[in-house]
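Read the structure below first, then the notes.
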Number of protein chains: 2
Amino acid sequence: MKKTSTSLQILSLLENCHCHLSAAEIYEQLRPQLPAVAPSTVYRILERLVHTGQVSISDMGGGTEVYEIANQRHHHLVCERCHTVLTLSDAEIQPLFESLQQRHSFVISTNHLVLFGICEKCRSGS
Amino acid sequence: MKKTSTSLQILSLLENCHCHLSAAEIYEQLRPQLPAVAPSTVYRILERLVHTGQVSISDMGGGTEVYEIANQRHHHLVCERCHTVLTLSDAEIQPLFESLQQRHSFVISTNHLVLFGICEKCRSGS
DNA sequence: CAGCAAATTGCAAAGACTTGCAAATGCAAA
DNA sequence: TTTGCATTTGCAAGTCTTTGCAATTTGCTG
């Protein structure tokens, strides 16, 4: 993969953000520095970064996909009612993945699992 | 939820199919019987069926979401290379969900997990 | 079975990506 | 440094899906 200024900026944007950003948000944050960049370019760079494993893409229930730097494997529980996001360490999921991999001779590449449900606050509150 | 002829037909279509169908495929299969139905109606009915738990929606890696009747809880392993789909019984996943629910006081509603990776054949073949 | 409120639908427009293609750019060999 | 080619980009057009809104249909109630 070539190092173009646009892809480097997107990567550093994600590295510094430590949060989930949508393609549209990334595009907006990029415009001040790179006014001429096209939305399709942003989508394509993100696609490439996902493909090379530098960035993870996931549907967090917000209606559009969000991107995040892929440095530390982790997973999430997302409340469907209040949209609170709990973060799970990889250690909580890894044992399951191991056993599935062995049982089915399958190498799992999913590295950012998102599970939906209802958090404690919403459950007791309603 | 009201029982309209269109929603009943979509439900019976999914019941008889026992497979994953995209919204576009459902729309196409519906047209011979209901020529006047609008695509937006199909999307909205599917959304409702998902919301009421009668149908599950998932991204199986095919580029568009697919729908399936939600009668028996199960999960999938999808090969990213050859797109083979392995089916997992709920029993293989349920213990993890239980422990996550207890540990985080969170009720998981995700009922159709899809994990991506590489199947045995593709791994040995390449 | 008539009257109604709420749910559902069609249509058209908007939104979120995706794709084809020619021009521009990055990288490496000369 | 220059050249050559594969990769990347912008643009415009194309998909797939969602949404606003007015018209229609459905399931009560009386």
Side-chain angles (χ1 to χ4, degrees), chain A residues 1-14 19-68 78 80 83 112 114 116, chain B residues 1-14 19-68 78 80 83 112 114 116:
Chain A
M1 175 165 145
K2 288 186 183 178
K3 291 181 187 174
T4 62
S5 59
T6 310
S7 69
L8 289 176
Q9 288 208 37
I10 289 182
L11 207 47
S12 92
L13 187 64
L14 286 168
C19 64
H20 302 103
L21 288 177
S22 70
E25 287 165 345
I26 292 170
Y27 175 62
E28 281 313 318
Q29 295 204 28
L30 225 54
R31 296 194 68 170
Q33 304 144 59
L34 296 169
V37 83
S40 64
T41 301
V42 175
Y43 283 106
R44 270 187 290 221
I45 289 176
L46 288 169
E47 184 187 2
R48 244 182 299 142
L49 292 173
V50 168
H51 186 75
T52 59
Q54 298 170 83
V55 165
S56 75
I57 179 177
S58 11
D59 172 5
M60 304 278 289
T64 161
E65 307 276 331
V66 293
Y67 298 84
E68 183 179 20
V78 178
E80 290 179 316
H83 306 108
H112 191 244
V114 179
F116 295 94
Chain B
M1 175 165 146
K2 290 185 182 178
K3 290 181 187 175
T4 62
S5 60
T6 309
S7 69
L8 289 176
Q9 288 209 37
I10 289 182
L11 207 48
S12 93
L13 187 64
L14 286 168
C19 64
H20 302 103
L21 288 177
S22 71
E25 288 166 345
I26 293 170
Y27 176 62
E28 281 313 317
Q29 295 205 28
L30 225 55
R31 295 195 69 170
Q33 304 144 59
L34 297 169
V37 83
S40 63
T41 301
V42 174
Y43 283 105
R44 269 188 290 220
I45 289 175
L46 287 170
E47 185 186 2
R48 245 183 298 144
L49 292 173
V50 169
H51 187 75
T52 59
Q54 297 169 84
V55 166
S56 75
I57 179 177
S58 11
D59 172 5
M60 303 277 289
T64 161
E65 307 275 329
V66 292
Y67 299 84
E68 183 178 21
V78 178
E80 291 178 315
H83 305 107
H112 191 244
V114 179
F116 295 94

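No experiment lies behind these values; they were computed from the predicted model shown. Every chain is numbered from 1, with letters handed out A, B, ... down the list of sequences.
- For the pair Ile57(A) CD1 and dA16(C) P, the computed distance is 15 Å after rounding to whole Å.
- To the nearest 0.5 Å, atom CG of residue Leu11(B) and atom CG of residue Leu46(B) are 10.0 Å apart.
- Each end of the helix from dC1(C)-dG30(D) to dA30(C)-dT1(D) gets its own axis from five base pairs, and the two axes differ in direction by 30°, given to 10 degrees.
- Summarising the geometry of Val66(B) relative to Met60(B), their closest heavy-atom pair is CG2-CG, 3.2 Å, with the distance given to 0.1 Å.
- Regarding Ile26(A), its CD1 atom lies at a distance of 14 Å from the P atom of dA16(C), rounded to whole Å.
- Under the rule for a side-chain hydrogen bond (donor to acceptor under 3.5 Å, both in side chains), Thr41(B) has no partner lying at least two apart in sequence or in another chain.
- We find that CD1 of Ile45(B) is positioned 12 Å from C1' of dG10(C), with the value rounded to whole Å.
- Between the CD atom of Glu28(A) and the P atom of dC17(C) there is a distance of 13 Å, rounded to whole Å.
- The shortest non-hydrogen separation linking Gln9(B) to Leu30(B) is CB-CD1, 4.2 Å.
- In this structure, the side-chain hydrogen bond (donor to acceptor under 3.5 Å, both in side chains) partners of Glu80(A), at least two apart in sequence or on a different chain, are Ser109(B).
- Considering only residues two or more places apart in sequence or on other chains, Leu8(A) meets the side-chain contact (heavy atoms from CB on, under 4.5 Å) condition with Lys3(A).
- Of the inter-residue distances, the one linking Ile10(A) atom CD1 with Arg48(A) atom CZ reads 8.5 Å to the nearest 0.5 angstrom.
- Every pair passing side-chain hydrogen bond (donor to acceptor under 3.5 Å, both in side chains) that includes a residue from residues 54-64 of chain B is listed here, sequence neighbours excluded: Thr52(B)-Gln54(B), Ser58(B)-His112(B).
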Mind listing the side-chain donor-acceptor pairs of residues 20-27 of chain B below 3.5 Å, one per line with the distance, residues two or more places apart or on another chain?
unit_1, atom_1, unit_2, atom_2, d
His20(B), NE2, Glu68(B), OE1, 2.9
His20(B), NE2, His76(B), NE2, 3.2
Ser22(B), OG, Glu25(B), N, 3.2
Glu25(B), OE1, Ser22(B), N, 2.9

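- The CZ atom of Arg48(A) sits 15 Å away from the P atom of dT25(C) (whole-angstrom rounding).
- Every side-chain hydrogen bond (donor to acceptor under 3.5 Å, both in side chains) that Thr4(A) has, sequence neighbours left out, goes to Ser7(A).
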Between N or O atoms, less than 3.5 Å apart, protein on one side and nucleotides 2-6 of chain C on the other: list the pairs.
unit_1, atom_1, unit_2, atom_2, d
dA6(C), N3, Lys2(B), NZ, 3.1

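- Put simply, CG on Leu46(A) is 17 Å from C1' on dT19(C), counting in whole angstrom units.
- A heavy atom closer than 4.0 Å to some atom of DNA chain C occurs in Thr4(B), Thr6(B), these being the qualifying members of residues 4-11 of chain B.
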(request) Go along nucleotides 12-21 of chain D 5' to 3' and tag each nucleotide: B for a protein heavy atom under 4.0 Å from its base, S when only backbone or sugar atoms are that close, - otherwise. (result) ----SSBBBB
